[in-house]
Number of protein chains: 2
Amino acid sequence: MSDQNKPYILIVEDEAPLVTLLRYNLEKQGFRVEDAGDGGEALTRITEAPPDLLLLDWMLPTMSGIELCRQLRRRPANRTLPIIMLTARAEDQDAVRGLDTGADDYITKPFSTEALIARIRALLRRSGTVPTKLKLNFHDISLDPASHRVLRNGRALHLGPTEFRLLEFFLRHPKRVFSREDVLNAVWGRDIHVEPRTVDVHIRRLRKAINGPGETDIVRTVRAAGYALDLDGTVAAA
Amino acid sequence: MSDQNKPYILIVEDEAPLVTLLRYNLEKQGFRVEDAGDGGEALTRITEAPPDLLLLDWMLPTMSGIELCRQLRRRPANRTLPIIMLTARAEDQDAVRGLDTGADDYITKPFSTEALIARIRALLRRSGTVPTKLKLNFHDISLDPASHRVLRNGRALHLGPTEFRLLEFFLRHPKRVFSREDVLNAVWGRDIHVEPRTVDVHIRRLRKAINGPGETDIVRTVRAAGYALDLDGTVAAA
DNA sequence: CGTTTCATGACAGAGCGATGACACTACCGT
DNA sequence: ACGGTAGTGTCATCGCTCTGTCATGAAACG
């Protein structure tokens with residue numbers, strides 16, 4: 001579901017252990033990861049669903065990374081696809097040539113995960129592939145993820161970190177009911193141990209924070225089901 | 001006038017004919033070019049007006065290119081300065097060491113102008129150096145990258161090199177929240193190992209430097225998220 | 001009317017940022 | 001060459017905010 005909102009990274013690499021390692025670390029960072037073992041498979045996958053970023057090994061079985069890179073750059077559809085090349089230390093001289101063929105960055109093996117993540121983020125940001133930065137609105141509430149600000153009727157609200165994430169989650173799925181378990185998984189994280197009742201408390205804190213005196217409550221309680229972001233009484237209307 | 005908007009390249013090279021050739025070709029490509037004959041002069045020029053990119057000969061009279069490179073990497077102010085090394089064919093093995101000392105790329109003489117231009121463009125693009133030499137403003141703060149000067153309400157401020165770059169970074173992305181990792185990558189450089197908490201300290205130093213008595217703090221702390229350049233709490237007031 | 005489900009207030013502890021101090025380095029002028 | 005000065009990165013500590021949990025009261029449902 002929310003996988004569609006994650007940046008999609010395609011790894012083209014024939015060493016399976018390295019792929020596993022990369023996949024693990026990248027998914028932990030919130031990326032969606034696919035992999036291809038050789039250039040041909042990579043081309044197929046890219047054609048049917050272009051990734052947001054390509055991690056490309058310089059040395060590949062059938063088609064070299066540089067060759068793949070060059071082919072991609074010739075296609076108008078993939079001309080601006082962000083590419084990071086993975087090269088071995090000994091190939092340093094040639095690796096630089098990767099830049100000439102159109103790679104946007106490169107990193108030499110062995111590399112630290114942090115360095116790679118940093119480059120990925122920098123490149124994604126530079127190529128403007130971060131759609132999750134749009135302002136979210138509902139009724140008279142506006143939340144801006146970039147500036148981390150929440151307004152109601154133009155009035156600034158102060159939310160704690162958890163309340164902020166909670167509201168952001170609801171704003172991304174308005175009018176939909178979520179069970180406490182759903183909310184815990186989405187807002188707290190999948191493998192966090194927290195009592196489901198804690199959600200109640202944070203819902204209350206969220207209400208207290210966003211509902212000024214005389215304003216309508218936009219958080220709806222659905223008995224035996226969960227909560228939803230919705231105008232409470234004003235729903236029905238035959 | 002428009003010279004201020006062109007990417008500024010400094011050539012450090014002692015062979016005058018090569019300098020002339022490079023200058024001619026680079027200027028034709030729309031770059032602004034200066035040159036220095038030895039390491040000392042280069043250091044001076046870089047200190048008073050850092051270029052967007054440095055073309056550095058490996059072999060220099062007084063101070064070797066590698067030594068200059070290493071010195072630059074030690075200065076916080078020039079830590080992320082993009083550097084391309086120029087080396088002779090016979091020095092190939094040692095050239096790789098140039099990368100270890102912090103050069104971002106290198107090219108062996110003799111080289112074609114096209115290859116050099118390609119690397120320059122790739123590196124400028126990669127290092128995200130949008131050659132904005134325009135003055136930056138926010139609220140009552142004004143920063144002039146060219147003269148390296150910061151004013152608040154017309155009053156000159158004294159910032160250390162790191163604080164200067166920190167403020168410059170924030171001024172380029174006003175009102176946006178950045179995590180400590182983001183700030184480290186952007187201001188310190190990607191592969192530098194520095195504790196994320198260090199950002200706190202420099203934020204504090206920046207605040208101390210720019211906030212005169214009775215002036216509003218324009219650096220906003222966002223708990224669990226990071227920092228932003230923004231007018232803060234002066235909202236509420238029921 | 002009893003049972004289930006949610007709302008609320010309180011609270012102890014964890015988490016997080018602000019701050020001051022300190023050791024270390026680079027730089028400048030004498 | 002040498003000493004003073006400024007700048008940098010790290011740490012320990014303080015204080016505040018936020019967080020998760022419980023106990024209790026209120027409300028909805030059969």
Side-chain angles (χ1 to χ4, degrees), chain A residues 148 150 157-167 177-181 183-184 187-189 191-211 217 219-228 232-233, chain B residues 39-40 43-44 46-48 63 67-80 102 148 150 157-167 177-181 183-185 187-189 191-211 217 219-228 230 232-233 236:
Chain A
H148 241 259
V150 183
L157 304 181
H158 174 70
L159 304 189
T162 306
E163 281 73 52
F164 185 88
R165 274 180 289 136
L166 191 57
L167 178 59
V177 180
F178 294 95
S179 74
R180 294 179 173 78
E181 297 295 338
V183 175
L184 282 181
V187 177
W188 271 258
D191 31 52
I192 295 288
H193 163 60
V194 165
E195 291 293 323
R197 288 284 148 204
T198 302
V199 175
D200 300 23
V201 180
H202 281 277
I203 288 286
R204 170 185 157 271
R205 286 169 180 156
L206 178 60
R207 279 175 168 148
K208 177 182 267 186
I210 65 180
N211 294 329
D217 185 12
V219 180
R220 184 162 66 103
T221 302
V222 183
R223 191 179 173 87
Y227 298 94
D232 204 295
Chain B
L43 269 179
T44 307
I46 293 170
T47 303
E48 60 192 24
M63 177 192 314
E67 179 54 28
L68 175 58
C69 185
R70 198 169 295 157
Q71 286 203 24
L72 287 173
R73 284 301 183 241
R74 272 205 293 268
R75 309 163 137 208
N78 302 309
R79 186 158 288 163
T80 61
H148 229 257
V150 184
L157 303 181
H158 173 71
L159 303 189
T162 305
E163 281 72 50
F164 183 87
R165 305 190 55 207
L166 190 56
L167 179 60
V177 177
F178 295 94
S179 72
R180 295 179 175 78
E181 299 294 339
V183 174
L184 283 181
N185 287 332
V187 177
W188 272 257
D191 306 324
I192 298 293
H193 164 62
V194 166
E195 290 294 321
R197 292 272 144 216
T198 302
V199 175
D200 300 24
V201 180
H202 282 276
I203 287 285
R204 171 180 158 274
R205 287 170 180 157
L206 177 60
R207 278 177 169 146
K208 180 180 272 187
I210 66 180
N211 294 329
D217 186 12
V219 180
R220 182 165 72 108
T221 302
V222 181
R223 183 176 249 254
Y227 298 95
D230 203 343
D232 200 10

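Throughout, protein chains are lettered first and strands after them, A, B, ... in sequence-line order, and every chain is numbered starting at 1.
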Open item on the list: What is the distance, to the nearest angstrom, from the CZ atom on Arg165(A) to the C1' atom on dC18(D)?
Closed with: 11 Å
TODO: Could you tell me the separation between the CG atom of Leu166(A) and the C1' atom of dC18(D), rounded to a whole number of Å?
DONE: 14 Å
Does [X] have any side chain to side chain donor-acceptor pair (under 3.5 Å) partners at least two apart in sequence or in another chain, and if so, which?
X	answer
Arg207(B)	Asp217(B), Thr221(B)
Ser179(B)	Asp182(B)
Asp230(B)	Arg149(A)
Arg205(A)	none

Enter the distance from [X]:[atom1] to [Y]:[atom2] here, rounded to the nearest 0.5 Å.
X	Y	atom1	atom2	answer
Ile210(B)	Leu167(B)	CD1	CG	6.0 Å
Leu206(A)	Thr162(A)	CG	OG1	11.0 Å
Phe164(A)	Leu157(A)	CZ	CG	11.0 Å
Leu72(B)	Leu68(B)	CG	CG	4.5 Å

Task: Val222(B) or Arg204(A), whichever maps to the more 5' nucleotide of DNA chain C - done: Arg204(A)
TODO: Specify the residue among Lys208(A) and Gly226(A) whose closest nucleotide of DNA chain C lies further upstream toward the 5′ end.
DONE: Gly226(A)
Apply side chain to side chain contact (heavy atoms under 4.5 Å, CB included) to [X] and list each qualifying residue two or more places apart in sequence or on a separate chain.
X	answer
Pro161(B)	Ala77(B)
Arg165(B)	Arg79(B), Thr80(B), Val187(B)
Ala225(B)	His148(A), Val177(B), Val222(B)

Is there any protein nitrogen or oxygen under 3.5 Å from a nitrogen or oxygen in nucleotides 24-30 of chain D, and what are the pairs?
{"from": "dA28(D)", "atom 1": "N3", "to": "Arg223(A)", "atom 2": "NH2", "distance (Å)": "3.4"}

Open item on the list: Just to be sure I understand the rule, does Tyr227(B) reach a base, reach only the sugar-phosphate, or reach nothing, if contact means heavy atoms closer than 4.0 Å?
Closed with: sugar-phosphate
TODO: Give the B/S/- string for nucleotides 6-11 of chain D, one per nucleotide from 5' to 3', where a protein heavy atom under 4.0 Å of the base yields B, of only the sugar-phosphate yields S, and otherwise -.
DONE: -SBBBB
Please table the atom pairs, donor to acceptor, closer than 3.5 Å between any side-chain atom in residues 195-203 of chain A and protein atoms at least two apart or in another chain.
{"from": "Arg197(A)", "atom 1": "NH1", "to": "Asp200(A)", "atom 2": "OD2", "distance (Å)": "2.8"}
{"from": "Thr198(A)", "atom 1": "OG1", "to": "Glu195(A)", "atom 2": "O", "distance (Å)": "3.0"}
{"from": "Asp200(A)", "atom 1": "OD1", "to": "Arg180(A)", "atom 2": "NE", "distance (Å)": "2.7"}
{"from": "Asp200(A)", "atom 1": "OD1", "to": "Arg180(A)", "atom 2": "NH2", "distance (Å)": "3.3"}
{"from": "Asp200(A)", "atom 1": "OD2", "to": "Arg180(A)", "atom 2": "NH2", "distance (Å)": "3.4"}
{"from": "His202(A)", "atom 1": "ND1", "to": "Glu163(A)", "atom 2": "OE2", "distance (Å)": "2.5"}

Open item on the list: Could you report the tightest heavy-atom contact between Leu159(A) and Ala209(A), atom names first, then the distance?
Closed with: CD2-CB, 3.3 Å
Open item on the list: Rounding to 10°, can you tell me the angle the first-five-pair axis of the helix from dC1(C)-dG30(D) to dT30(C)-dA1(D) makes with its last-five-pair axis?
Closed with: 30°
TODO: Under 4.0 Å from any heavy atom of chain B: name the first and the last nucleotide of DNA chain C that qualifies, 5' to 3'.
DONE: dG15(C) to dC27(C)
